[in-house]
Visitor: 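Below is the structure I would like to discuss, written out as structure tokens.
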Amino acid sequence: MPKKGKPKSTTTDDQPKIRADALVPTLDLAREIYGQLARGEIPRMRLPLRTKQNLQFVAREGIWKLGRTLGTRSARKLDGALMLLRTFYLVDFINEMARDGKTSTLRELYYISEGWEESKFHGEDESNLLIEDLEVICQRLREDFRLHPEESGASVLGDLTLRERNRKGVVKTFNCRDDVGDGGYTLPFNVEKEKVEFVRTKAKFIIAIECGGMFDRLAENGFDEEFGAVLVHLKGQPARSTRRFLKRASEELKLPVVVFTDGDPWSFRIFASVAYGAIKTAHISQYLATPGAEFLGVTASDIENYDLPHDDLTDQDVRALQAELTDPRFGTAEWRAEIGMMLKNGKKAEQQSLAKYGLNYVTATYLPEKLRELGIA
Amino acid sequence: MAPAKSLAQELAAKQREISVAEFFERNRQILGFDNPTRALLTTVKEAVDNALDAAEEARVLPEIHVEITKEGTDRLKVAVDDNGPGILRKEIPNVFGRLLYGSRFHANRQSRGQQGIGISAAVLYAGLTTARPARVLSKVLEEEAAHALELSIDTQRNLPRVVSEDVELWDRPSGTRIELTLKAKYIRGRQSPTEYLRGTAIVNPHARLTLLEPDGTRITYERATTELPPLPKESPPHPYGLELGELDYRLKGSKRPTVAQFLTQELSGVGPRALKEILAHAGLSGRETPPKLPAEKIERLLAAVHAVPLVAPSAESLSPIGSLLIKRGLKNVLGEVRPEFYAPAVSRPPKVRGGFPFVVEVGLVYGGGLPADQPMQLLRFANRVPLLFQQGACAITTAVGALDWRRYGLDQKGGNGLPTGPCLVLVHVASTKIPFTSEAKEALAEDPELDKELTLALQAAARHLKVHLSRRTRRDYAAEKFAIILKILPKLAAKTSGLVGKPVPDLTPIITRIMDIVHVETAEPIGGAAVVIPTKITNYTPRPRVLEVFLEMPIDQLPQAEFTPAPDGVDRELGRAWWTLPKLAPNTDVTVTATFPKGAEVEASDLEFYVAGVDEARLIGAEPLPGDWDVRLPRAVIEAAEQAGEPVVAGEEAEVDYDAEEGKAQVDDD
């Protein structure tokens, strides 16, 4: 069960400075299970359920964290026994990497498990879930376990000066508008202080954008310069590093964050994972969520008000919306009204449908109007 | 006025004998020659049925060879030879060249052919479609050479015509071969010669059948037994269900001097006491001359034989396949399908309908390579002959569909009709008179007596299936537990021990807490000098146990079995042996071995184990001791059971299973 308070940030980079005590909890876990075996108890561990029913709102921080409902992983059942065994294959592997001074990508771990016989993973989802379990139990981040995702490559474009220690250990200072190409600055998977520092900015807000096409449209139209915006590409459901970057930028630079997505049920979840915390990573919401982030659109009422080209909701879309109605993160009156309206109208629209009124419409008309509503520009 | 011809005279003038060719044309369908594929099947079937009957009557193991070769675009040559007794020269033309000529129609016993239409109809069809005579080769034991005749049928007079004749050397003691060239088409699959021969092989495990297909493929069904079925005895009709016309016909034709003798000699089941009662009931003296009995007395006699209790009809005139051989026949043919379960075949005691005895037999096979998403495969047989047509119109199909198979573990839409599942059911009806729906002999007619027997036999087979399926469910449950204790737990212990740098702990307490069962497993026989069947009994519960183990097996197998350890008791009449096992500590086992002489036909499923000393919920691979056995258990067993009696642990089961919840979480995650 996670203890109160923030997990300490990690220091992974190309010569990883992993905390000295990072692996202690994994060995504690082995000791606990060994103790059960020696006492003749059926091995088991209890861990908080990462389900939407077990999300808890922490008012002081304005985010959703993991609640107190525990589930049991027991060797009494075949699935549970297998997950326990996998846990210790993983712990063994992590400790081995520590001895050899290596790190591994999540994908590599999935392939490493080929040698684990019946414990091997059947997909990367399985291995990722188990790593998250270990994060929860050990109160550490996966980087502490020397596991990291592949470079996610989300782009940043705008007047923001950063200092980054690059792969050669050289510290570079650069501006994300003037010193980068048209693609912008690409976020590394590690965006902690040791790797990336904020130097200065004249920007007034950060706009996180779901689709690459829209990111490119805003860049080409010079939206960042004209409105004092930093553009961040979410690339669909944002990676941990993207959410962490938004969180740090919002806190350290005191910049408001707005989220601009398609107008469909899945986009609501993208926003929730940025602003409130995601279900899968609820154990580290305090580290990833940006509680002040605002949903800009496309809203269900935008589809009507701007008369946007739209598609009908599919059965899957409707089920997703209905699931959101029982998701505590969408429990506010505003969200219930928004979801209710989308269900009632039965329509969804892409961000890029704004192009119906010309290529400049989104930057000249739509965004200024929406930002005014939010009191930002 | 010229006297007008009376109507009767007019009609008489029109009446004439119908030629067999006309008869054939009008009855093509019921005779089974309505299209080229059907004609081929019927021809093969009639020839093979005759060959089987002939070999069995001569008491030799049938060896039948079928050869089908192409002759031009739409013609095939069919040759069938057997190792039967052969046919005397003078009989050959009549057997093959004359319709309605046969020896079996009036014989009151089970046989494949009955009407004497079959093979001569094939000869007729061949002649009509290709104008080629049939060639018959036949040799009897007493003669040096075989007679080779070419025959056709004089369709106007229904008489055989010998086209040519010769003698030939044939290197076998006796046998018959018939060759026909006919308009026909060769197919495989449903309603094909292969399907017919496969079915024939199942219900005639004593026959060896080979088929040479037109493309040169050779299919062989080896025999699964070298025991010939007993030759059914001719027996007089049984009075139960005898009808007035039949009784009248038999009385008129009787050569017995008195009615009393007629009753005891020409009917079966009438003993001296029954005779007295019948005569008293009918008000007859018994001295009457049978053919002269007046109609009203015949009626009284019939009422009397129906009113008096009689000895049940004899099954000697029948040749049921029997439980053991049904299973063996199925195994012989279904080998490559590898079914997981052969139900013990059901062979009902003989019953009577319409004066004729009949027996219903059912075999059931489940799982393995049988298709799970298809309707059940139903194999119908009458007197050891496969029925390939008119499945929907057959009383067997009706009886199968009327059973609610859902109660026995198969899917069935609405609880009637053929169920769906990896299941094959064989139904065999043997009788001296099979109630076919038509001359085509493709389907059985509905009959209350027959239906009752079919239902009882099917229910018995279905019950075996149900027991098997529920055992399988319990075995799957045990298999999951075994996977945990055998594969995962030792590795988990090794991994965590390695990580903490300590020795691997003893896992017995955990193994027994996870399993918490007594496991009984009988291995398949180990062949060799003797047939050895070991049964391992393992106490996977956390408590020591004293178990009382009962073994029940076929009564005829028990006397030849030797056991280690020696049983504490044996009851040969009930086919049981029992042991009070020494106290079994947790996670320990004991093996009881049954040894049979070399070649004994016994398998693991013939051995049924019953165990006392552990509650039913904790017993896997054996059944709890049935309450109605009235067994007095040894004190030690009772005491140990009382000590070990503890409720099934429920505490942890009530907790939320993290891994079940995680699965759901992934669905609604963002």
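Chain A is the first sequence line, chain B the second, and so forth, proteins listed ahead of strands; every chain is numbered from 1.
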Visitor: With a 4.5 Å cut-off on heavy-atom pairs, point out which of B:Thr512, B:Ile488, B:Thr508, B:Val504 contacts chain A the most.
Guide: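 If we count pairs closer than 4.5 Å to chain A, B:Ile488 comes out on top.
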Visitor: Determine which pairs satisfy salt bridge (charged side-chain N to carboxylate O under 4.0 Å, His left out) with at least one residue from residues 499-510 of chain B, sequence neighbours left out, and list them in order.
Guide: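 Of all non-adjacent pairs touching residues 499-510 of chain B, none passes salt bridge (charged side-chain N to carboxylate O under 4.0 Å, His left out).
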Visitor: Could you tell me which of B:Leu507, B:Ile511, B:Leu492 has the largest number of non-hydrogen atom pairs under 4.5 Å with chain A?
Guide: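 Looking at each option in turn, the highest pair count goes to B:Leu492.
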Visitor: Is there a donor in the side chain of B:Asp411 and an acceptor in the side chain of B:Trp405, or the other way round, less than 3.5 Å apart?
Guide: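 Side chains of B:Asp411 and B:Trp405: no pair found under 3.5 Å.
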Visitor: Show which side-chain atoms of residues 114-122 of chain A pair as donor or acceptor with protein atoms under 3.5 Å away, not counting sequence neighbours.
Guide:
| from | atom 1 | to | atom 2 | distance (Å) |
| --- | --- | --- | --- | --- |
| A:Glu117 | OE1 | B:Lys491 | NZ | 2.3 |
| A:Glu118 | OE1 | B:Lys491 | NZ | 2.5 |
| A:Glu118 | OE2 | B:Lys491 | NZ | 3.3 |

Visitor: Which word best sums up how the rings of A:Phe330 and A:Phe268 line up, parallel for under 30°, tilted for 30 to 60°, or perpendicular for over 60°?
Guide: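 Tilted.
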Visitor: Looking only at heavy atoms and a cut-off of under 4.5 Å, which of B:Gly498, B:Pro509, B:Pro503 has the most pairs with chain A?
Guide: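 Top option by heavy-atom pairs under 4.5 Å: B:Pro503.
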Visitor: So which bits of residues 83-93 of chain A come within less than 4.5 Å of chain B, counting non-hydrogen atoms only?
Guide: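 Expected list: A:Met83, A:Leu84, A:Leu85, A:Phe88, A:Tyr89, A:Val91, A:Asp92.
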Visitor: So which of B:Ile485, B:Leu499, B:Leu489 has the largest heavy-atom pair count under 4.5 angstrom toward chain A?
Guide: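 Looking at each of B:Ile485, B:Leu499, B:Leu489 in turn, B:Leu499 comes out on top.
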Visitor: So does A:Arg39 have more than 12 non-hydrogen atoms from other groups sitting under 6.0 Å from CZ?
Guide: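 Enclosed.
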Visitor: Please determine, among A:Ala320, A:Ala30, A:Gly80, the option with the most heavy-atom pairs under 4.5 Å with chain B.
Guide: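 Of A:Ala320, A:Ala30, A:Gly80, A:Ala30 has the most heavy-atom pairs under 4.5 Å with chain B.
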Visitor: How many angstroms lie between CD1 in A:Ile137 and NE2 in A:His283, if you round to the nearest 0.5 Å?
Guide: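 Here the rounded value is 10.0 Å.
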Visitor: Among pairs that include at least one residue of residues 470-496 of chain B, which meet ring pair (Phe, Tyr, Trp, His ring centres under 6.0 Å), considering only residues two or more places apart or in two chains?
Guide: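 Only B:Phe482-B:His519, B:Phe482-B:Tyr540 qualify under ring pair (Phe, Tyr, Trp, His ring centres under 6.0 Å).
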Visitor: May I ask you to decide whether A:Lys77 forms a salt bridge with A:Asp79, counting only side-chain N to carboxylate O separations under 4.0 Å?
Guide: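 Here A:Lys77 does not pair with A:Asp79 in a salt bridge, since their nearest N and O are not under 4.0 Å apart.
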Visitor: With a cut-off of under 6.0 Å to the ring centre and 45° to the axis, is A:Arg244 in cation-pi contact with A:Tyr287?
Guide: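 Yes - A:Arg244 lies over the ring of A:Tyr287, closer than 6.0 Å to its centre and within 45° of its axis.
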Visitor: Using heavy-atom distances under 4.5 Å, tell me whether B:Lys487 contacts chain A through its side chain, its backbone, both, or neither.
Guide: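 Interface part for B:Lys487: both.
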